Amino acid sequence: MNTRRDFLQKITYSAMALPFLPSKWHFDLASFDNRPYDGPVLRVAIMGLGGYGTRVAEAMQACKKAKLVGVISGTPAKIKDWQSKYQIPEKNCYNYENFDALKDNPDIDAVYVITPNALHHDQVIRAAKAGKHVICEKPMGLNAKEGEEMVRACEEANVKLLVGYRMHFEPNTLEVVRMRQHGDFGKILFFQGQCGFRIGDPNQWRLDKPLAGGGALMDIGIYAINGARYMVGEEPIWVTAQETKTDPVKFKEGVDETILFQLGFPSGAVASCLSTYNMNHLDRFFLNGEKGFAEMQPSTGYGPIAGRTHKGKLTQPHITHQTIQMEEMASIILEGKEAIIPVDGKEGLKDLKIIDAIYKSCKTGDKLNLNL
């Protein structure tokens, strides 16, 4: 399958220490050096053993606070392969029909749902009812209604719901957010987010409306939506959007090829964003303020993330995104730590509300108010 992930350079792992930052911005990099760790460990079962599930599993081998202990898959051969590779006991292996039995397994704390978008809603709710914390890949659901039901189900089950927003833990991204909060850019005026690649196999699930729920916007446009919010530091209050489709055979009804969308914020800042499955070399964020700017390119790939500000090059170390994500999420679940940029279900729900509004604006041509 020829997707953006095929073009990203091979991820690397760095155990370099971060330069000094104010304490609330400083990662606990004890998880990434050679000092022993004897605190609590989050025991995770991965649901969905495809390409990204494999990437997460590999990254977790470097974790000290999170450990892969179980798998859930509809493909018996994959389960056998993962059992052998990651030393997973038979009692921690499930399929999509029987994983409700997780409720009787005290050796698994959390389920990481990494399946096609349309499956997230039911699988997250079932995992929550089994009494397990849930990490769900983005987009959290197909729409805001699904998202609300997922958040409510996890609240009722008294389990945490987190969304796989790996960029919320990425050091260069957090440095830009820190600078913005510190006032280095002055009043924020404008954000631009460009997210796109030319998608390959026309038969893949990402181009299947019932499984994907949409097209490029659900898969990669969500990075620009989410990025606009944490880079500007406000919640948008209006949206406009326009869809362009050049290949209606490949991009069937309900599967967007290219969408331009604009967001407005209470301060007067505006965002202009592009989401596409038909153009390569689009992975860029730009933030402009009265006193300075930040430019990140690549801005959301697997890394290293690169960029500069009016003060110079961004120089935070690269750490495999999924490794630091799982370490930090373990701290959130086990220790009640708060993420600098939220990653909970309510955060995921806000993005789904914006996605709903973008699709509606594409159809109606209207400027729509948002209430997040």
Side-chain angles (χ1 to χ4, degrees), residues 1-6 44-57 70-79 81-82 94-100 102 110-128 132 134-151 153-154 161-166 195-197 199-223 225-226 250-257 259 275-277 300 302 322 325 345 348-349 351-352 355-356 359:
M1 182 171 64
N2 189 15
T3 73
R4 179 181 70 167
R5 296 180 178 122
D6 299 317
V44 180
I46 289 181
M47 178 184 294
L49 310 184
Y52 193 71
T54 298
R55 185 179 290 272
V56 171
V71 292
I72 305 165
S73 174
T75 307
K78 285 185 179 180
I79 293 177
D81 288 345
W82 280 52
Y94 300 87
N95 58 46
Y96 296 135
E97 286 71 45
N98 69 9
F99 77 87
D100 303 277
L102 281 165
V111 175
Y112 194 159
V113 177
I114 313 178
T115 53
N117 305 339
L119 306 180
H120 292 177
H121 172 266
D122 290 352
Q123 290 171 342
V124 166
I125 290 175
R126 286 173 65 187
K132 305 302 178 182
V134 190
I135 303 168
C136 181
E137 257 313 299
K138 56 80 190 164
M140 190 173 75
L142 296 185
N143 50 56
K145 180 178 181 295
E146 282 197 356
E148 289 168 350
E149 292 170 353
M150 294 160 77
V151 169
C154 290
L161 171 59
L162 306 181
V163 184
Y165 289 126
R166 58 189 167 81
C195 299
F197 66 96
I199 200 165
D201 180 7
N203 298 313
Q204 64 181 280
W205 71 262
R206 289 179 180 83
L207 297 177
D208 184 349
K209 166 71 171 176
L211 283 177
L217 186 68
M218 301 288 285
D219 183 24
I220 54 172
I222 191 171
Y223 286 114
I225 295 169
N226 195 253
K250 189 173 190 178
F251 303 98
K252 298 178 173 58
E253 180 67 25
V255 179
D256 49 286
E257 173 188 324
I259 292 180
S275 165
T276 184
Y277 266 160
T300 64
Y302 293 139
Q322 295 80 6
Q325 172 196 326
L349 177 57
D351 284 342
L352 291 177
I355 287 173
D356 285 354
Y359 281 136

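Remember, it's a predicted structure, so these values are computed and weren't measured experimentally. Here, residue 1 is the first one in the sequence, and each next residue gets the next number.
- Annotation: side chain of Ile72 is in contact with side chain of Leu102 (closest heavy-atom distance under 4.5 Å).
- Scanning both residues, Ala128 and Ala153, for their nearest heavy atoms gives CB-O, 4.2 Å.
- Checking side-chain atoms of His121 against main-chain N and O of Leu142 turns up no donor-acceptor pair under 3.5 Å.
- Nearest heavy atom pair, residue Gly214 against residue Val255, reads O-CG1, 3.8 Å.
- The side chain to side chain contact (heavy atoms under 4.5 Å, CB included) search around Ala110 returns Leu42, His133, not counting sequence neighbours.
- Using a distance-only test at 3.5 Å, with no hydrogens or angles considered, no donor-acceptor pair links the side chain of Arg55 to the main chain of Gly50.
- Rounded to the nearest 0.5 angstrom, Ile125 CD1 and Glu146 CD are separated by 8.0 Å.
- Between Leu161 and Val134, the closest side-chain pair of non-hydrogen atoms falls below 4.5 Å.
- Under the 4.5 Å side-chain criterion, counting only non-hydrogen atoms from C-beta, Leu49 is not in contact with Thr75.
- In this structure, the side chains of Lys250 and Leu207 come closer than 4.5 Å at one or more pairs of heavy atoms.
- Cys154 and Val124 get closest at one heavy-atom pair: SG-CG1, 4.0 Å.
- A distance of 6.0 Å separates CG in Leu211 from CG in Leu119, rounded to the nearest 0.5 Å.
- In this structure, the side chain of Lys138 does not engage the main chain of Ile220 through any donor-acceptor pair within 3.5 Å.
- Shortest non-hydrogen contact noted between Asp219 and Tyr223 is O-CE1, 4.0 Å.
- Atom CD1 in Ile225 sits 4.5 Å away from atom CD1 in Ile355 (nearest 0.5 Å).
- Annotation: the span from Phe99 atom CZ to Gln123 atom CD amounts to 5.5 Å, rounded to 0.5 Å.
- Side-chain atoms of Asp256 come within 3.5 Å of backbone atoms of Ala216 as a donor-acceptor pair (strictly under, hydrogens ignored).
- With 3.5 Å as the limit, one finds a donor-acceptor pair spanning the side chains of Glu137 and Tyr112.
- Among all heavy-atom pairs drawn from Leu352 and Pro139, the shortest one is CD2-CB, 4.1 Å.
- Qualifying side chain to side chain contact (heavy atoms under 4.5 Å, CB included) partners for Ala212, counting only residues two or more places apart in sequence or in other chains: Asn117, Trp205.
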- request: Given side chain to side chain contact (heavy atoms under 4.5 Å, CB included), test Trp82 with Ile46 step by step and report yes or no.
  value: CA-CA 10 Å; Trp82 280 52; Ile46 289 181; 4.1 Å; yes
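- When all heavy atoms of Gly221 and Ser275 are compared, the closest pair comes out as CA-OG, 3.4 Å.
- Contact annotation: the side chain of Met140 never approaches that of Asp351 to less than 4.5 Å [non-hydrogen atoms, C-beta and beyond].
- At a threshold of 4.5 Å between non-hydrogen side-chain atoms, the residues Ile199 and Gln204 count as touching.
- Between Phe197 and Tyr277, the ring-plane angle classifies as perpendicular under the 30° and 60° cut-offs.
- Here the side chains of Val71 and Lys78 are not in contact, with every heavy-atom distance at 4.5 Å or above.
- In this structure the side chain of Tyr94 never reaches within 4.5 angstrom of the side chain of Met47, judged on heavy atoms.
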